[in-house]
There are 2 protein chains.
Amino acid sequence: MLRISKMTDYAIMVMVELHGLRGEVLSAHALAERSHLELPTVSKVLKLLVKTDLVASYRGPSGGYSLERDAEEISVAEIIAAIEGPIAMTECSVEEGLCAQEAVCGLRGNWQRISLAIAKAMEAVSLAEMAQPVKTPAAPLHITTFNA
Amino acid sequence: MLRISKMTDYAIMVMVELHGLRGEVLSAHALAERSHLELPTVSKVLKLLVKTDLVASYRGPSGGYSLERDAEEISVAEIIAAIEGPIAMTECSVEEGLCAQEAVCGLRGNWQRISLAIAKAMEAVSLAEMAQPVKTPAAPLHITTFNA
DNA sequence: ACTATATAGTACCATATTAGTACCATTTAA
DNA sequence: TTAAATGGTACTAATATGGTACTATATAGT
(Lines give C-alpha, C1' and ligand atoms only; values in the text may rest on other atoms or scores of the structure.)
Protein backbone atom coordinates (compact mmCIF):
# COMPACT_ATOMS: atom_id res chain seq x y z
CA MET A 1 0.00 0.00 0.00
CA LEU A 2 3.08 2.17 0.03
CA ARG A 3 2.24 3.73 3.36
CA ILE A 4 4.08 6.06 5.63
CA SER A 5 4.18 4.68 9.17
CA LYS A 6 1.70 5.87 11.76
CA MET A 7 4.51 7.52 13.65
CA THR A 8 5.27 9.62 10.60
CA ASP A 9 1.62 10.45 10.27
CA TYR A 10 1.58 11.56 13.91
CA ALA A 11 4.74 13.58 13.39
CA ILE A 12 3.09 15.59 10.65
CA MET A 13 -0.01 16.14 12.75
CA VAL A 14 2.14 17.45 15.58
CA MET A 15 4.17 19.64 13.25
CA VAL A 16 0.99 21.10 11.81
CA GLU A 17 -0.13 21.81 15.34
CA LEU A 18 3.15 23.55 16.12
CA HIS A 19 2.65 25.65 13.04
CA GLY A 20 -0.13 28.17 13.57
CA LEU A 21 1.51 29.31 16.78
CA ARG A 22 4.76 30.49 15.28
CA GLY A 23 7.43 30.75 17.87
CA GLU A 24 5.10 29.94 20.73
CA VAL A 25 6.39 27.12 22.91
CA LEU A 26 3.99 24.27 23.60
CA SER A 27 4.55 21.37 26.00
CA ALA A 28 4.27 17.79 24.84
CA HIS A 29 1.20 17.52 27.02
CA ALA A 30 -0.50 20.45 25.33
CA LEU A 31 0.44 19.15 21.90
CA ALA A 32 -0.99 15.73 22.71
CA GLU A 33 -4.28 17.28 23.69
CA ARG A 34 -4.50 19.53 20.67
CA SER A 35 -3.64 16.76 18.23
CA HIS A 36 -5.83 14.16 19.97
CA LEU A 37 -2.92 11.77 20.36
CA GLU A 38 -1.47 9.98 23.38
CA LEU A 39 1.20 11.81 25.34
CA PRO A 40 3.87 9.06 25.23
CA THR A 41 3.48 8.77 21.49
CA VAL A 42 3.71 12.50 20.98
CA SER A 43 6.78 12.65 23.22
CA LYS A 44 8.51 9.95 21.27
CA VAL A 45 7.83 11.65 17.99
CA LEU A 46 8.95 15.02 19.29
CA LYS A 47 12.26 13.59 20.45
CA LEU A 48 12.93 12.35 16.95
CA LEU A 49 12.00 15.71 15.50
CA VAL A 50 14.36 17.48 17.88
CA LYS A 51 17.19 15.15 16.98
CA THR A 52 16.79 16.00 13.33
CA ASP A 53 16.63 19.73 13.99
CA LEU A 54 13.08 20.24 12.84
CA VAL A 55 11.86 21.20 16.28
CA ALA A 56 13.51 23.21 19.06
CA SER A 57 13.05 22.06 22.64
CA TYR A 58 13.19 23.91 25.96
CA ARG A 59 13.52 22.16 29.30
CA GLY A 60 12.20 23.03 32.68
CA PRO A 61 8.84 24.49 33.73
CA SER A 62 7.22 26.47 30.94
CA GLY A 63 9.44 24.49 28.61
CA GLY A 64 8.20 22.70 25.52
CA TYR A 65 8.63 22.65 21.78
CA SER A 66 8.46 25.01 18.85
CA LEU A 67 9.33 24.81 15.15
CA GLU A 68 13.01 25.29 14.48
CA ARG A 69 12.28 26.97 11.14
CA ASP A 70 9.38 28.58 9.34
CA ALA A 71 6.79 26.10 8.14
CA GLU A 72 7.45 27.26 4.59
CA GLU A 73 11.04 26.10 4.94
CA ILE A 74 10.20 22.63 6.24
CA SER A 75 9.28 19.95 3.72
CA VAL A 76 7.15 16.88 4.19
CA ALA A 77 10.13 14.90 2.93
CA GLU A 78 12.21 16.08 5.87
CA ILE A 79 9.58 15.03 8.37
CA ILE A 80 9.25 11.61 6.79
CA ALA A 81 13.02 11.19 6.74
CA ALA A 82 13.22 12.27 10.38
CA ILE A 83 10.95 9.46 11.51
CA GLU A 84 11.62 6.63 9.10
CA GLY A 85 14.95 7.38 7.48
CA PRO A 86 15.76 7.95 3.82
CA ILE A 87 12.90 7.87 1.34
CA ALA A 88 13.51 4.73 -0.69
CA MET A 89 11.22 2.16 -2.23
CA THR A 90 13.63 -0.75 -1.86
CA GLU A 91 16.71 -1.65 0.17
CA CYS A 92 18.88 -1.28 -2.88
CA SER A 93 17.79 2.27 -3.58
CA VAL A 94 19.32 3.45 -0.30
CA GLU A 95 22.85 2.35 -1.10
CA GLU A 96 24.81 -0.43 -2.70
CA GLY A 97 25.32 -3.75 -0.95
CA LEU A 98 22.17 -3.89 1.16
CA CYS A 99 20.36 -6.46 -0.94
CA ALA A 100 21.59 -10.01 -1.44
CA GLN A 101 20.04 -10.20 -4.90
CA GLU A 102 21.94 -7.18 -6.16
CA ALA A 103 24.30 -9.21 -8.33
CA VAL A 104 21.53 -10.96 -10.24
CA CYS A 105 18.83 -8.28 -10.24
CA GLY A 106 19.07 -5.35 -12.61
CA LEU A 107 16.37 -3.21 -11.08
CA ARG A 108 18.46 -1.10 -8.76
CA GLY A 109 18.92 1.80 -11.13
CA ASN A 110 15.25 2.10 -11.87
CA TRP A 111 14.24 1.87 -8.22
CA GLN A 112 16.67 4.65 -7.46
CA ARG A 113 15.15 6.84 -10.12
CA ILE A 114 11.65 6.23 -8.85
CA SER A 115 12.63 6.74 -5.22
CA LEU A 116 14.41 9.94 -6.07
CA ALA A 117 11.41 11.20 -7.98
CA ILE A 118 9.11 10.58 -5.06
CA ALA A 119 11.55 12.13 -2.62
CA LYS A 120 11.72 15.26 -4.76
CA ALA A 121 7.97 15.44 -4.94
CA MET A 122 7.75 15.35 -1.17
CA GLU A 123 10.47 17.93 -0.84
CA ALA A 124 8.34 20.26 -2.88
CA VAL A 125 5.51 20.10 -0.36
CA SER A 126 6.06 22.37 2.63
CA LEU A 127 4.62 22.00 6.09
CA ALA A 128 2.78 25.26 5.51
CA GLU A 129 1.03 23.80 2.46
CA MET A 130 0.26 20.64 4.38
CA ALA A 131 -1.36 22.67 7.13
CA GLN A 132 -3.65 24.30 4.60
CA PRO A 133 -6.75 22.11 4.55
CA VAL A 134 -7.95 20.99 1.14
CA LYS A 135 -11.42 19.82 0.26
CA THR A 136 -11.60 16.35 -1.30
CA PRO A 137 -11.51 15.43 -4.04
CA ALA A 138 -8.74 17.96 -4.51
CA ALA A 139 -7.18 18.98 -7.76
CA PRO A 140 -4.77 16.19 -8.59
CA LEU A 141 -1.05 16.81 -8.61
CA HIS A 142 0.79 16.44 -11.85
CA ILE A 143 3.84 14.20 -11.94
CA THR A 144 6.14 13.50 -14.82
CA THR A 145 8.31 10.41 -14.75
CA PHE A 146 11.17 8.95 -16.70
CA ASN A 147 11.75 12.11 -18.64
CA ALA A 148 15.36 12.71 -17.77
CA MET B 1 11.37 4.55 4.57
CA LEU B 2 8.32 4.45 2.36
CA ARG B 3 9.07 0.98 1.09
CA ILE B 4 7.24 -1.39 -1.13
CA SER B 5 6.94 -4.83 0.45
CA LYS B 6 9.38 -7.56 -0.46
CA MET B 7 6.55 -9.48 -2.10
CA THR B 8 5.96 -6.54 -4.40
CA ASP B 9 9.65 -6.39 -5.13
CA TYR B 10 9.59 -10.09 -6.00
CA ALA B 11 6.52 -9.60 -8.14
CA ILE B 12 8.33 -7.07 -10.27
CA MET B 13 11.37 -9.31 -10.58
CA VAL B 14 9.15 -12.14 -11.76
CA MET B 15 7.29 -9.90 -14.17
CA VAL B 16 10.56 -8.66 -15.61
CA GLU B 17 11.57 -12.28 -16.08
CA LEU B 18 8.31 -13.05 -17.86
CA HIS B 19 9.01 -10.15 -20.14
CA GLY B 20 11.83 -10.96 -22.53
CA LEU B 21 10.11 -14.18 -23.51
CA ARG B 22 6.97 -12.65 -24.91
CA GLY B 23 4.20 -15.14 -25.05
CA GLU B 24 6.42 -18.02 -24.00
CA VAL B 25 4.94 -19.96 -21.09
CA LEU B 26 7.23 -20.55 -18.12
CA SER B 27 6.50 -22.73 -15.09
CA ALA B 28 6.72 -21.32 -11.58
CA HIS B 29 9.70 -23.57 -11.06
CA ALA B 30 11.56 -22.14 -14.04
CA LEU B 31 10.69 -18.60 -12.99
CA ALA B 32 11.98 -19.23 -9.49
CA GLU B 33 15.29 -20.43 -10.86
CA ARG B 34 15.67 -17.56 -13.28
CA SER B 35 14.83 -14.93 -10.72
CA HIS B 36 16.85 -16.56 -7.93
CA LEU B 37 13.87 -16.71 -5.62
CA GLU B 38 12.26 -19.56 -3.70
CA LEU B 39 9.59 -21.54 -5.49
CA PRO B 40 6.83 -21.16 -2.84
CA THR B 41 7.35 -17.42 -2.79
CA VAL B 42 7.25 -17.14 -6.54
CA SER B 43 4.12 -19.30 -6.65
CA LYS B 44 2.38 -17.11 -4.13
CA VAL B 45 3.23 -13.97 -6.02
CA LEU B 46 2.15 -15.47 -9.34
CA LYS B 47 -1.23 -16.42 -7.94
CA LEU B 48 -1.82 -12.82 -6.96
CA LEU B 49 -0.75 -11.62 -10.37
CA VAL B 50 -3.12 -14.04 -12.06
CA LYS B 51 -6.00 -12.91 -9.88
CA THR B 52 -5.46 -9.32 -10.95
CA ASP B 53 -5.20 -10.22 -14.65
CA LEU B 54 -1.60 -9.23 -15.11
CA VAL B 55 -0.47 -12.75 -15.79
CA ALA B 56 -2.14 -15.60 -17.68
CA SER B 57 -1.84 -19.12 -16.28
CA TYR B 58 -2.07 -22.54 -17.90
CA ARG B 59 -2.59 -25.72 -15.96
CA GLY B 60 -1.44 -29.19 -16.58
CA PRO B 61 1.90 -30.49 -17.82
CA SER B 62 3.74 -27.92 -19.93
CA GLY B 63 1.57 -25.35 -18.20
CA GLY B 64 2.89 -22.21 -16.58
CA TYR B 65 2.62 -18.45 -16.77
CA SER B 66 2.96 -15.70 -19.31
CA LEU B 67 2.22 -11.98 -19.40
CA GLU B 68 -1.40 -11.19 -20.04
CA ARG B 69 -0.50 -8.01 -21.92
CA ASP B 70 2.52 -6.44 -23.55
CA ALA B 71 5.08 -5.16 -21.06
CA GLU B 72 4.59 -1.68 -22.48
CA GLU B 73 0.94 -1.82 -21.42
CA ILE B 74 1.62 -2.91 -17.84
CA SER B 75 2.54 -0.24 -15.31
CA VAL B 76 4.55 -0.58 -12.14
CA ALA B 77 1.56 0.93 -10.36
CA GLU B 78 -0.57 -2.02 -11.42
CA ILE B 79 1.92 -4.53 -10.11
CA ILE B 80 2.19 -2.73 -6.79
CA ALA B 81 -1.58 -2.53 -6.51
CA ALA B 82 -1.90 -6.21 -7.34
CA ILE B 83 0.24 -7.23 -4.38
CA GLU B 84 -0.43 -4.61 -1.74
CA GLY B 85 -3.66 -2.91 -2.72
CA PRO B 86 -4.31 0.71 -3.58
CA ILE B 87 -1.36 3.10 -3.59
CA ALA B 88 -2.01 5.37 -0.64
CA MET B 89 0.26 7.02 1.88
CA THR B 90 -2.26 6.93 4.73
CA GLU B 91 -5.44 5.08 5.65
CA CYS B 92 -7.49 8.17 5.00
CA SER B 93 -6.25 8.56 1.45
CA VAL B 94 -7.85 5.27 0.44
CA GLU B 95 -11.37 6.27 1.34
CA GLU B 96 -13.37 8.12 3.94
CA GLY B 97 -14.05 6.63 7.35
CA LEU B 98 -10.98 4.41 7.73
CA CYS B 99 -9.18 6.63 10.24
CA ALA B 100 -10.52 7.39 13.69
CA GLN B 101 -8.86 10.81 13.69
CA GLU B 102 -10.62 11.92 10.56
CA ALA B 103 -12.98 14.30 12.32
CA VAL B 104 -10.22 16.23 14.05
CA CYS B 105 -7.42 15.98 11.49
CA GLY B 106 -7.49 18.14 8.40
CA LEU B 107 -4.76 16.38 6.47
CA ARG B 108 -6.87 14.00 4.44
CA GLY B 109 -7.16 16.18 1.37
CA ASN B 110 -3.44 16.77 1.16
CA TRP B 111 -2.59 13.12 1.67
CA GLN B 112 -4.95 12.24 -1.13
CA ARG B 113 -3.26 14.69 -3.45
CA ILE B 114 0.17 13.36 -2.63
CA SER B 115 -0.91 9.73 -2.91
CA LEU B 116 -2.55 10.40 -6.22
CA ALA B 117 0.56 12.12 -7.51
CA ILE B 118 2.73 9.18 -6.60
CA ALA B 119 0.25 6.72 -8.04
CA LYS B 120 0.26 8.60 -11.33
CA ALA B 121 4.02 8.65 -11.38
CA MET B 122 4.10 4.88 -11.01
CA GLU B 123 1.44 4.47 -13.66
CA ALA B 124 3.72 6.26 -16.05
CA VAL B 125 6.46 3.67 -15.62
CA SER B 126 5.89 0.56 -17.69
CA LEU B 127 7.19 -2.92 -17.03
CA ALA B 128 9.14 -2.63 -20.26
CA GLU B 129 10.95 0.45 -18.94
CA MET B 130 11.55 -1.26 -15.64
CA ALA B 131 13.14 -4.20 -17.42
CA GLN B 132 15.58 -1.88 -19.15
CA PRO B 133 18.60 -1.78 -16.87
CA VAL B 134 19.89 1.66 -15.94
CA LYS B 135 23.35 2.51 -14.71
CA THR B 136 23.43 4.30 -11.37
CA PRO B 137 23.38 7.13 -10.65
CA ALA B 138 20.73 7.49 -13.31
CA ALA B 139 19.27 10.67 -14.63
CA PRO B 140 16.79 11.73 -11.98
CA LEU B 141 13.07 11.79 -12.71
CA HIS B 142 11.30 15.07 -12.61
CA ILE B 143 8.18 15.39 -10.48
CA THR B 144 5.97 18.40 -10.06
CA THR B 145 3.74 18.67 -7.03
CA PHE B 146 0.95 20.85 -5.80
CA ASN B 147 0.53 22.58 -9.11
CA ALA B 148 -3.10 21.86 -9.72
C1' DA C 1 19.20 26.39 47.51
C1' DC C 2 14.91 23.84 46.85
C1' DT C 3 11.16 22.14 44.35
C1' DA C 4 8.14 21.23 40.71
C1' DT C 5 7.86 20.74 35.88
C1' DA C 6 9.38 19.62 31.67
C1' DT C 7 12.39 17.31 28.24
C1' DA C 8 16.30 13.39 27.09
C1' DG C 9 17.49 8.94 26.70
C1' DT C 10 17.10 4.19 26.96
C1' DA C 11 15.08 -0.01 27.26
C1' DC C 12 11.17 -2.81 27.03
C1' DC C 13 6.83 -5.37 25.69
C1' DA C 14 2.76 -6.48 23.11
C1' DT C 15 0.73 -6.66 18.88
C1' DA C 16 0.23 -6.60 13.91
C1' DT C 17 2.07 -7.38 9.65
C1' DT C 18 4.80 -9.79 6.55
C1' DA C 19 7.39 -13.52 4.75
C1' DG C 20 7.58 -17.93 3.95
C1' DT C 21 5.79 -22.91 4.00
C1' DA C 22 2.81 -26.89 3.53
C1' DC C 23 -1.03 -29.33 1.94
C1' DC C 24 -4.68 -30.80 -0.85
C1' DA C 25 -7.79 -29.97 -4.81
C1' DT C 26 -8.13 -29.29 -9.71
C1' DT C 27 -6.82 -29.25 -14.41
C1' DT C 28 -4.73 -31.21 -18.55
C1' DA C 29 -1.10 -33.06 -21.89
C1' DA C 30 0.84 -37.29 -23.08
C1' DT D 1 -4.37 -43.37 -16.44
C1' DT D 2 -0.67 -40.82 -14.87
C1' DA D 3 2.23 -37.15 -13.96
C1' DA D 4 2.99 -32.34 -14.01
C1' DA D 5 1.43 -28.20 -13.34
C1' DT D 6 -1.58 -24.41 -11.15
C1' DG D 7 -5.46 -22.90 -7.48
C1' DG D 8 -6.78 -22.23 -2.92
C1' DT D 9 -6.44 -22.23 1.89
C1' DA D 10 -4.43 -22.35 6.14
C1' DC D 11 -0.63 -22.20 9.11
C1' DT D 12 3.97 -20.88 11.27
C1' DA D 13 7.80 -17.96 12.14
C1' DA D 14 10.20 -13.78 11.89
C1' DT D 15 10.21 -8.99 11.84
C1' DA D 16 8.61 -4.40 12.38
C1' DT D 17 5.75 -1.29 14.57
C1' DG D 18 3.32 0.96 18.00
C1' DG D 19 3.06 2.05 22.38
C1' DT D 20 4.83 2.31 27.38
C1' DA D 21 7.78 2.89 31.46
C1' DC D 22 11.54 4.49 33.93
C1' DT D 23 15.50 7.19 35.16
C1' DA D 24 18.42 11.18 34.31
C1' DT D 25 18.92 16.00 33.41
C1' DA D 26 17.84 20.73 32.93
C1' DT D 27 15.48 25.03 34.47
C1' DA D 28 12.00 28.58 36.06
C1' DG D 29 10.10 30.25 40.13
C1' DT D 30 10.00 30.84 45.01
Side-chain angles (χ1 to χ4, degrees), chain A residues 1-14 18 24-33 35-66 68 80 82-85 88 90-91 98-101, chain B residues 1-14 18 24-33 35-66 68 80 82-85 88 90-91 98-101:
Chain A
M1 206 185 186
L2 207 65
R3 294 229 184 104
I4 55 169
S5 71
K6 284 196 180 178
M7 282 296 167
T8 305
D9 199 349
Y10 298 159
I12 299 200
M13 290 173 72
V14 169
L18 277 173
E24 198 177 330
V25 173
L26 233 66
S27 73
H29 180 76
L31 283 168
E33 273 198 349
S35 55
H36 301 87
L37 298 171
E38 296 302 315
L39 172 59
T41 304
V42 170
S43 286
K44 189 176 184 176
V45 160
L46 281 165
K47 285 168 193 169
L48 287 169
L49 294 171
V50 169
K51 245 187 193 164
T52 47
D53 294 318
L54 290 173
V55 163
S57 65
Y58 308 94
R59 292 189 172 193
S62 76
Y65 301 89
S66 67
E68 184 74 64
I80 293 176
I83 307 296
E84 48 193 69
T90 58
E91 283 288 345
L98 289 177
C99 174
Q101 317 265 15
Chain B
M1 205 183 184
L2 206 65
R3 293 225 187 105
I4 56 169
S5 73
K6 283 196 181 177
M7 282 297 168
T8 305
D9 200 349
Y10 298 158
I12 298 200
M13 290 173 72
V14 169
L18 278 173
E24 198 177 331
V25 173
L26 233 65
S27 72
H29 179 76
L31 283 167
E33 274 198 348
S35 55
H36 301 88
L37 299 171
E38 295 303 315
L39 172 58
T41 305
V42 170
S43 287
K44 190 177 184 174
V45 160
L46 281 165
K47 286 168 193 170
L48 287 169
L49 294 170
V50 168
K51 244 187 193 166
T52 47
D53 293 318
L54 290 172
V55 164
S57 66
Y58 308 93
R59 293 189 173 194
S62 78
Y65 300 90
S66 66
E68 183 74 65
I80 294 176
I83 308 295
E84 47 193 69
T90 58
E91 282 288 344
L98 289 177
C99 174
Q101 317 265 15

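This is a predicted model, so every value here is computed, not measured. Numbers restart at 1 for each chain; the letters A, B, ... are given by sequence-line order, proteins then strands.
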Hey, could you give me the OG/CG distance between A:S43 and A:L31, rounded to the nearest 0.5 Å?
9.5 Å
From A:S5 atom OG to B:L2 atom CG, the distance as rounded to the nearest 0.5 Å:
9.5 Å
On DNA chain C, which is the earliest and which the latest nucleotide, 5' to 3', with an atom closer than 4.0 Å to a heavy atom of chain A?
C:dA4 to C:dG9
Give the residues of residues 50-59 of chain A touching DNA chain D, defined as any heavy atom closer than 4.0 Å, sorted by residue number.
A:R59
5'-most contact on DNA chain D: A:G60 or A:K47, nearest heavy atom basis?
A:K47
Rounded to the nearest 0.5 Å, what separation is found between the NZ atom of A:K6 and the CG atom of A:L37?
11.0 Å
5′-ward residue of the pair B:S62/A:P61 relative to DNA chain D
B:S62
Please identify which of these residues, A:V50, A:L26, A:V14, A:V25, meets the side-chain contact (heavy atoms from CB on, under 4.5 Å) condition with A:Y65.
A:V50
Distance in angstrom units between B:L49 CG and D:dG7 P, rounded:
11 Å
Report the C-alpha separation of A:S35 and A:V42 in whole Å, then their side-chain angles, then the decisive distance to 0.1 Å, and conclude whether the side-chain contact (heavy atoms from CB on, under 4.5 Å) test is met.
CA-CA 9 Å; A:S35 55; A:V42 170; 4.2 Å; yes
Between A:E91 and B:R3, does any NZ, NE, NH1 or NH2 come within less than 4.0 Å of an OD or OE carboxylate oxygen?
yes
Please report the closest heavy-atom contact between B:A82 and B:T52, naming both atoms and the distance.
CB-OG1, 3.3 Å
I'd like a table of atom pairs between the protein and nucleotides 10-18 of chain D - only N or O on both sides, under 3.5 Å - with the distance next to each one.
residue : atom : partner : partner atom : Å
D:dG18  : OP1  : A:K6    : N            : 2.5

Kindly say whether B:T8 contributes a backbone atom to a donor-acceptor pair with the side chain of B:E84 at under 3.5 angstrom?
no
From the list A:I12, A:D9, A:L49, A:I4, side-chain contact (heavy atoms from CB on, under 4.5 Å) with A:I83 holds only for A:L49
Answer yes or no: is there a side-chain heavy-atom contact under 4.5 Å between B:E33 and B:L39?
no
